[in-house]
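See below for the structure under consideration.
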Amino acid sequence: MTKLAVSQLRTALLDWYDRSGRTLPWRLRPEDRAKGAVADPYAVWLSEIMLQQTTVPHATPYWHRFLERWPTVEALAEADDDDVMAAWAGLGYYARARNLLACARMVAGEMAGRFPDDLDTLRTLPGIGDYTANAIRAAAFDKPASVVDGNVERVLTRLFRIETPLPKAKPDIRKRAAVLADPDRPGDYAQAIMDLGATVCTPRSPDCATCPWAAHCAAHAAGVEIDYPRKLVKTRKPVRRGIAYAVTRRGAIWLRKRPEKGLLGGMMEVPSTEWGEAAPADAPPFAANWQPCGTVRHVFTHFTLDLAVVRAEAPEGWQPPDGRFVARADMDGQALPSLFGKVVALVAD
DNA sequence: GAGGCGTGGTA
DNA sequence: TTACCAAGCCT
């Protein structure tokens, strides 16, 4: 790219962004930034972790609740693990919540409560990778950075009509993104290029008529926008099956904690058989007349789960080997993933 | 570096 | 229903 082309692209994008009026609660508006307002790195970091592979409408209420309950990184660092996991329940990718706490404790402890502003130090913190480090540097500190997320990948593979499929094209995309990034307005530029991907250069129906880069876009010139980015074809996800045993006692249900690592790590569960592609072998916690309640279908990233739910009232004197009985009214305070929320909902009172 | 890791919305 | 998608990180 020539210097002139880079300059034209930056100007067109930032003009579009300044006029767009789009605001997100964790972002500084350009006019406020121009007036000297500064961002709260804690609030920015929190938003970036929550937004990893998560839509803005889904993450937004969680962000407000977390900020109200734990207003500072010190407050979050002192929180109980179980409270944080319960507050994260329903947001998915639960390793993010465990890393969130670990990161908060590192920042509150050895970093004296201040988030670092250099990429190398940011990258050492748990849950912060290449994208998030650059996003924090740009949004929280307004320092030169180059954010490359799914939006930017889509915009740039179309702009330059990059034929290499993802993820192989990432190094090339990163180089081009770094050339384009505006060192004079890093925070606004980062927000602008992501907004462009989120609102104009969308996957299925890009609105090229309003795009500030349409005149420069190689894919648009050929009318093949939605063919980019190129991607490797994915394999079909398998179906796994299991049986969940809902043990009730006077309306309460037996819940226990899952192992800290792996799928739904550290979250609560209704006990079940193993989940496999073969029909599950029945393995109830005690002999009883188990009543079928129906089947829950739940889709994970790499497999679909069909979980048959059966229910029995616990015999007098029977005690769960781990976990405890939780009343329906107390389910909201539990770290209960959506899957088991569906299971509990199937178990009639 | 390829696969594990949630959830809810949309076509 | 099925497939794909959403501001990725970690191992």
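A note on names: the letters A, B, ... follow the listed sequences, proteins ahead of strands, and every chain is numbered from 1. The basis for the numbers below is simple: all heavy atoms, side chains too, and nothing from hydrogens, waters or symmetry mates. Being a predicted model, the structure only gives us computed values, none of them experimental.
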- Item | Main-chain N/O of A/Leu263 paired to A/Arg258 side chain as donor or acceptor, under 3.5 Å |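 Pair found, side chain donor or acceptor close to backbone of A/Leu263.
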
- Within the distance-only criterion (no hydrogens, no angle test), does the side chain of A/Arg154 pair as donor or acceptor with the backbone N or O of A/Cys201 below 3.5 angstrom?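 Yes, A/Arg154 side chain to A/Cys201 backbone: donor-acceptor pair under 3.5 Å.
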
- Task: Locate the shortest heavy-atom distance separating A/Ile49 from A/Arg96; write the atom from each residue and the value.
- Result: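 A/Ile49 and A/Arg96 have their closest heavy atoms at O-NH1, 3.0 Å.
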
I need the [atom1]-[atom2] distance between [X] and [N], as an integer number of Å.
X	N	atom1	atom2	answer
A/Asp149	C/dC9	CG	C1'	14 Å
A/Phe303	C/dA3	CZ	C1'	18 Å
A/Ile173	C/dG8	CD1	P	13 Å
A/Arg236	C/dT1	CZ	C1'	11 Å
A/Asn99	B/dC5	CG	P	15 Å
A/Leu166	B/dA2	CG	C1'	14 Å
A/Ile226	C/dA3	CD1	P	19 Å
A/Glu48	C/dG8	CD	P	9 Å

- Query: Would you say A/Glu274 has more than 12 foreign heavy atoms packed within less than 6.0 Å of its CD?
  - Reply: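 12 or below, so no.
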
- Message: Under 4.5 Å side-chain heavy-atom separation, chaining through any Ile, Leu, Val, Met, Phe, Trp or Tyr, what else clusters with A/Val247? Say none if it is isolated.
- Response: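 Via sub-4.5 Å side-chain contacts, A/Val247 links to A/Ile243, A/Tyr245, A/Trp254, A/Phe286, A/Trp290, A/Val310, A/Trp318, A/Phe325.
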
- Task: Take atom C1' in B/dG1 and the same atom in C/dA6, then report the distance between them in whole Å.
- Result: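 The same atom, C1', in both gives a distance of 23 Å.
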
- Query: When rounded to the nearest Å, what value does the distance between C1' atoms of C/dC5 and B/dG6 take?
  - Reply: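 Rounded to whole Å, the distance is 13 Å.
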
- Item | Partner residues of A/Tyr62 under the ring pair (Phe, Tyr, Trp, His ring centres under 6.0 Å) criterion, sequence neighbours left out |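 A/His58.
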
All N/O contacts under 3.5 Å from nucleotides 6-10 of chain B to the protein, with atom names and distances to one decimal?
unit_1: B/dG6; atom_1: OP1; unit_2: A/Tyr93; atom_2: N; d: 3.4
unit_1: B/dG6; atom_1: OP1; unit_2: A/Tyr94; atom_2: N; d: 2.8
unit_1: B/dG6; atom_1: OP2; unit_2: A/Leu264; atom_2: N; d: 2.5
unit_1: B/dG6; atom_1: O4'; unit_2: A/Tyr93; atom_2: N; d: 3.1
unit_1: B/dG6; atom_1: N7; unit_2: A/Tyr93; atom_2: OH; d: 3.4
unit_1: B/dG6; atom_1: N7; unit_2: A/Thr301; atom_2: OG1; d: 2.6
unit_1: B/dG6; atom_1: O6; unit_2: A/Tyr93; atom_2: OH; d: 3.0
unit_1: B/dG6; atom_1: N1; unit_2: A/Gln53; atom_2: O; d: 2.9
unit_1: B/dG6; atom_1: N2; unit_2: A/Gln53; atom_2: O; d: 3.1
unit_1: B/dG6; atom_1: N2; unit_2: A/Thr54; atom_2: OG1; d: 3.1
unit_1: B/dT7; atom_1: OP1; unit_2: A/Tyr94; atom_2: OH; d: 2.7
unit_1: B/dT7; atom_1: OP1; unit_2: A/Ser338; atom_2: N; d: 2.8
unit_1: B/dT7; atom_1: OP2; unit_2: A/His298; atom_2: NE2; d: 2.5
unit_1: B/dT7; atom_1: O3'; unit_2: A/Ser338; atom_2: OG; d: 3.2
unit_1: B/dG8; atom_1: OP1; unit_2: A/Ser338; atom_2: OG; d: 3.3

Within the 4.0 Å heavy-atom criterion, would you say [X] contacts the bases, only the backbone, or no part of the nucleic acid?
X	answer
A/Gln191	base
A/Pro126	sugar-phosphate
A/Arg123	nothing
A/Ser47	nothing
A/Leu24	base

- Closer to the 5' end of DNA chain C via nearest nucleotide, is it A/Lys261 or A/Asp195?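 Mapping each residue to its closest nucleotide by heavy atoms, the 5'-most match is A/Asp195.
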
- Query: Does A/Arg69 make a cation-pi contact with A/Phe66, if we ask for NZ or CZ under 6.0 Å from the ring centre and within 45° of the axis?
  - Reply: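 No - A/Arg69 does not lie over the ring of A/Phe66 by the 6.0 Å and 45° rule.
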
- Query: Given C/dC10, is OP1 or OP2 found less than 4.0 Å from the side-chain N or O atoms of A/Arg98?
  - Reply: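 Result: no.
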
